[in-house]
Amino acid sequence: MDLNIKDLDDAVGARLRELAQASGLSVQQYLRNELARIAARKSPHELLQATEPMNRSEFEAVRRKLRNIDAA
């Protein structure tokens, strides 16, 4: 799929170039990566439609991960 974005604010374009350069990527590759990351996330609607609640083991794993982040 080809994508063309028109009328992008100059400041947004400059920031995207900075982010891409800091990542060692072209702007196109940086945007491909970011768009893939966004597309992989579930929407709020999809999250609400989930039929399986988190089990205790999954909950504890998330809890440990958050504790490790807080400790860092």
Side-chain angles (χ1 to χ4, degrees):
M1 167 199 261
D2 289 338
L3 186 64
N4 184 8
I5 301 173
K6 297 180 181 185
D7 300 322
L8 189 63
D9 186 85
D10 289 340
V12 173
R15 180 66 177 143
L16 290 171
R17 283 189 291 280
E18 289 172 10
L19 292 167
Q21 185 177 21
S23 299
L25 302 169
S26 68
V27 174
Q28 291 80 9
Q29 186 60 52
Y30 178 81
L31 289 173
R32 274 193 296 271
N33 292 349
E34 287 299 299
L35 290 170
R37 185 181 61 79
I38 292 166
R41 291 190 308 208
K42 291 186 177 182
S43 71
H45 178 74
E46 290 170 322
L47 290 171
L48 288 174
Q49 298 302 314
T51 57
E52 294 291 323
M54 186 182 294
N55 66 38
R56 185 68 178 182
S57 175
E58 293 168 326
F59 175 78
E60 290 301 330
V62 169
R63 203 171 186 186
R64 279 191 302 278
K65 191 171 189 177
L66 290 173
R67 281 190 194 134
N68 291 339
I69 290 169
D70 286 343

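Glu58 places a side-chain N or O within 3.5 Å of a backbone atom of Asn55 that can act as its donor or acceptor partner.
Within the 4.5 Å cutoff, the side chain of Ile5 has no heavy atoms near those of the Leu31 side chain.
No more than 12 heavy atoms of other residues, nucleotides or ligands sit less than 6.0 Å from atom CD of Gln21.
In this structure, Arg32 CZ and Ser26 OG are separated by 6.0 Å, a value rounded to the nearest 0.5 Å. Considering CG of Leu16 and CD of Glu34, their distance stands at 9.0 Å, rounded to 0.5 Å.
Here the shortest heavy-atom pairing between Val27 and Arg17 reads CG2-CG, 3.6 Å. Listed here is the closest heavy atom pair of Arg41 and Glu46: O-OE1, 4.2 Å.
The hydrophobic cluster containing Tyr30 also contains Leu8, counting ILVMFWY residues as joined when their side-chain heavy atoms lie under 4.5 angstrom apart, directly or transitively. A chain of hydrophobic side-chain contacts below 4.5 Å, direct or via other Ile, Leu, Val, Met, Phe, Trp or Tyr residues, connects Phe59 to Leu66.
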